[in-house]
Amino acid sequence: MSSLKNKLIQQALERKLKKTQQLPLHDKVRQQLSPHHIPEKYYRFDLLPEYQQIRIMDQGAQQLGVSSPFFKVHDGAAGATSQIDGKPYINFSSYDYLAMSAEPRVRQAAKDAIDTYGTSVSASRVVSGERPIHRELEQAIASTYGCDDAIVFVSGHATNVSTIGHLFNAYDLVLHDELIHNSVLQGIQLSGAHRLAFAHNNWAQLEQILSEQRHQFEKVLIVIEGLYSMDGDYPDLAEFIRIKEQHHCFLMVDEAHSFGVMGATGRGLHEHLGLDSKAVDIWMGTCSKSLASCGGFITGESALVEHLKFLAPGFLYSVGMAPTLAASALTALNTMLAEPERLVRLRGNSQYFLKQAQAAGLDTGLSEGIAIVPVIVGSSIKAAQLSSQLFNEGINVQPILYPAVPEAQARLRFFMSCEHTREQMDHTIVMLVKHLKPNACKA
């Protein structure tokens, strides 16, 4: 009976969401508007379709008795464990893969930077916000990749938006993996370039599109990720390099989740696969995952970096990265390179958790067992309920719901840490089976 109720609620939610997603046709809009009458839904935030979607989802959760899994307040640093509302939890919802956020050397570097430079550089770096710590971080990133130079932005999301939005225009084409991050899509929209998606990790389909379309555009950009954050798998980089060279395109790799995770020393996808980093035109990464800070970076040849520093709006017209963030990222990077054993532990934990989950009959999708392991449950309602049930068991893991993923692919997403213990991982698998397969547990 409970299953039938959930199904009916799910169907009702889906119908409501589809209705709010249907934007009115231009002719319909014109019919509704006149100099003397503008409908309220065009000037009230609470009547906007997007806000109505949020309300529908909240109502559905209330009907199911599921508390919101979002905006949980952590009392302190959140790594392999965390404290929420005074209670301890095994934590799988933080990107602190290498346990750098609470690392004493990283904390001390941030404190020292405050004493030296203050809490803000108080200006665009082009104007008067440049500090030595900025160049030290950029040079360290470039050196780590074996590239000419690098540039750091104040936000990882803004890094993609501003870089793609500035470098490409209406005469260009951007081809991207269908699972690419929202920041890339926003950047393409800003650029005005034509956009085409290819099936996930399907380089053959990309090659076919280029064979048919390349000659119709000036610049062409191909964008892929080093490690896909929803699925935990990675692309065949060698094939993408071959294709971009053959068709004279730019290749950009978003390493938000792969830098600091893949490769023997954490240098990312190219190190993991044994490829020359200079074969990729644009490497993008964030400072908020393995580097335990905040911001994003682009590294590549000098002409690319200089171009962005003088002309990219997200850098040129933005205040420079706070000294504390630059210092903590730099120290985390140096620590990562000096202590590869952190990566060894992370890989061991990730592989162990993946194999235990699969042995328990859980659907881990495409995951390669590198820092990210999804458990696919098949509906947003199930995912939200399971997240709530695990939270009651002392396990903090976030659900990924429609429309972030297709409804049938709703899941829990486990971010692994080098500090998770076997006992914590085993307990989590037992609790997953308990709530996903109660009959199996009784047997």
If you define the side chain from C-beta out and look only at heavy atoms, does anything of L273 sit under 4.5 Å from L269?
yes
Donor-acceptor contact present, side-chain N349 to main-chain H420, <3.5 Å
yes
Can you measure from NE2 (H176) to CE (M252) and round to the nearest 0.5 angstrom?
12.5 Å
Would you verify whether the NZ or CZ of R422 falls within 45 degrees of the ring axis of Y352 while also being under 6.0 Å from that six-membered ring's centre?
yes
Smallest separation among heavy atoms of A110 and S328, with atom names:
CB-CB, 4.4 Å
Between the side chain of E368 and the main-chain N/O of Q351, is any donor-acceptor distance below 3.5 Å?
no
Keeping Q52 on the side-chain end and L48 on the backbone end, is there a donor-acceptor pair under 3.5 Å?
no
Can you measure from CG (L175) to CD1 (I180) and round to the nearest 0.5 angstrom?
11.5 Å
Is there a donor in the side chain of H157 and an acceptor in the side chain of N182, or the other way round, less than 3.5 Å apart?
yes
Please confirm whether the ring centroid of F168 lies under 6.0 Å from the ring centroid of F217.
no
Nearest heavy-atom neighbours spanning S93 and Q398
OG-N, 3.2 Å
Determine, stepwise, if the pair E207 / R242 fulfils salt bridge (Lys or Arg N to Asp or Glu O under 4.0 Å).
CA-CA 10 Å; E207 190 166 27; R242 177 187 64 78; 3.0 Å; yes
Using the benzene-type ring in the case of Trp, are the ring centres of F240 and W203 under 6.0 Å apart?
no
Between the side chains of D254 and N160, is a donor N or O closer than 3.5 angstrom to an acceptor N or O?
yes
F45, CZ: over 12 other non-hydrogen atoms inside 6.0 angstrom
no
Write down the atom of M230, the atom of R411, and the distance for their closest heavy-atom approach.
O-NH1, 2.7 Å
Measure from NZ or CZ of K72 to the centre of the six-membered ring of F391, then state whether that distance is under 6.0 Å and the direction lies within 45° of the axis.
yes
May I have the step-by-step check of side chain to side chain contact (heavy atoms under 4.5 Å, CB included) for L325 and V152, ending in yes or no?
CA-CA 11 Å; L325 299 177; V152 293; over 6 Å; no
Close side-chain approach of E255 and M262, heavy atoms under 4.5 Å
no
Looking at F250, I'd like to know if its CZ atom is crowded, meaning that more than 12 non-hydrogen atoms belonging to other residues, nucleotides or ligands lie closer than 6.0 Å.
no
Please answer whether the main-chain N or O of A199 pairs with a side-chain N or O of Q205 as donor and acceptor at a distance below 3.5 Å.
yes
Distance (rounded to the nearest 0.5 Å) between M416 CE and R347 CZ:
14.0 Å
List the atom of H134, the atom of A326, and the distance in Å for their closest heavy-atom pair.
CD2-CB, 4.3 Å
Considering non-hydrogen atoms only, spot the tightest contact between A264 and L343 and give its length.
O-CD1, 4.2 Å
Do P374 and S367 have side chains that get closer than 4.5 Å, going by heavy atoms?
yes
Within this structure, what is the OG1-CG distance for the pair T335 and L98, rounded to the nearest 0.5 Å?
10.0 Å
K278 vs D276, test: salt bridge (Lys or Arg N to Asp or Glu O under 4.0 Å). Steps then yes/no.
CA-CA 5 Å; K278 291 186 177 179; D276 182 3; over 6 Å; no
What's the verdict on side chain to side chain contact (heavy atoms under 4.5 Å, CB included) for D363 and V375, showing C-alpha distance, side-chain angles and the deciding distance?
CA-CA 5 Å; D363 183 358; V375 172; 6.0 Å; no
Over 60° means perpendicular and under 30° means parallel, so classify the ring planes of F315 and F153, tilted if in between.
perpendicular
L308 side chain reached by T163 side chain, heavy atoms, under 4.5 Å
yes
Between S258 and E225, is a side chain to side chain donor-acceptor pair (under 3.5 Å) present by the stated rule, with each step listed?
CA-CA 8 Å; S258 50; E225 293 185 25; over 6 Å; no
Begin with the C-alpha distance, continue with both residues' side-chain angles, and end with the deciding distance and a verdict on side chain to side chain contact (heavy atoms under 4.5 Å, CB included) for I370 and L227.
CA-CA 8 Å; I370 304 176; L227 184 66; 4.3 Å; yes
Kindly check if the number of other-residue, nucleotide or ligand heavy atoms within 6.0 Å of CD (E245) is above 12?
yes
Check this for me, if you would: do E393 and K434 make a salt bridge, where the nitrogen-to-carboxylate-oxygen distance has to be below 4.0 angstrom?
yes
Mind checking the CD1-CG spacing from I188 to L221? Nearest 0.5 Å is all I need.
7.5 Å
Give me the atom names and distance for the closest heavy-atom approach of L251 to D281.
N-OD2, 2.8 Å
Do M336 and M100 pass the side chain to side chain contact (heavy atoms under 4.5 Å, CB included) test, and can you show the C-alpha distance, the side-chain angles, and the key distance before you say yes or no?
CA-CA 9 Å; M336 175 191 85; M100 294 289 186; 4.1 Å; yes
Output yes when a side-chain donor or acceptor of D172 lies under 3.5 Å from a complementary backbone atom of V220, and no otherwise.
no
Side-chain donor or acceptor of S94 paired with backbone N/O of G79 under 3.5 Å
no
Within the structure provided, determine whether L412 and S387 are in side-chain contact (heavy-atom separation under 4.5 Å).
yes
Donor-acceptor contact below 3.5 Å, side chain H181 vs main chain S183
yes
For a quick check under 3.5 Å, do T265 and E271 share a side-chain donor-acceptor pair by atom type?
yes
Could you check if a side-chain atom of Y145 sits within less than 4.5 angstrom of a side-chain atom of V280, using non-hydrogen atoms only?
no
Is there a side-chain contact between T81 and N91, using heavy atoms and a 4.5 Å cut-off?
no
Would you say the side chains of H200 and D177 form a donor-acceptor pair under 3.5 Å?
yes
Of Y95, Y228, Y97, which meets side-chain hydrogen bond (donor to acceptor under 3.5 Å, both in side chains) against H257?
Y97
Regarding T331 and N334, is there a side-chain donor-to-acceptor distance under 3.5 Å anywhere?
no
Can a donor-acceptor pair be found, under 3.5 Å and without considering hydrogens, that links the side chain of W283 to the backbone of G300?
no
Would you confirm whether N202, through its side chain, and A204, through its main-chain N or O, come within 3.5 Å as a donor-acceptor pair?
yes
Without swapping roles, check the side chain of S350 against the backbone of A371 for a donor-acceptor pair under 3.5 Å.
yes
Check: V253 and L237 side chains under 4.5 Å, non-hydrogen atoms
yes
How far does CD1 of I151 sit from CE of M321, to the nearest 0.5 angstrom?
10.5 Å
For residues 81-106, which residue pairs qualify under salt bridge (Lys or Arg N to Asp or Glu O under 4.0 Å), counting only residues two or more places apart or in two chains?
E103-R105, E103-R342, R105-E339
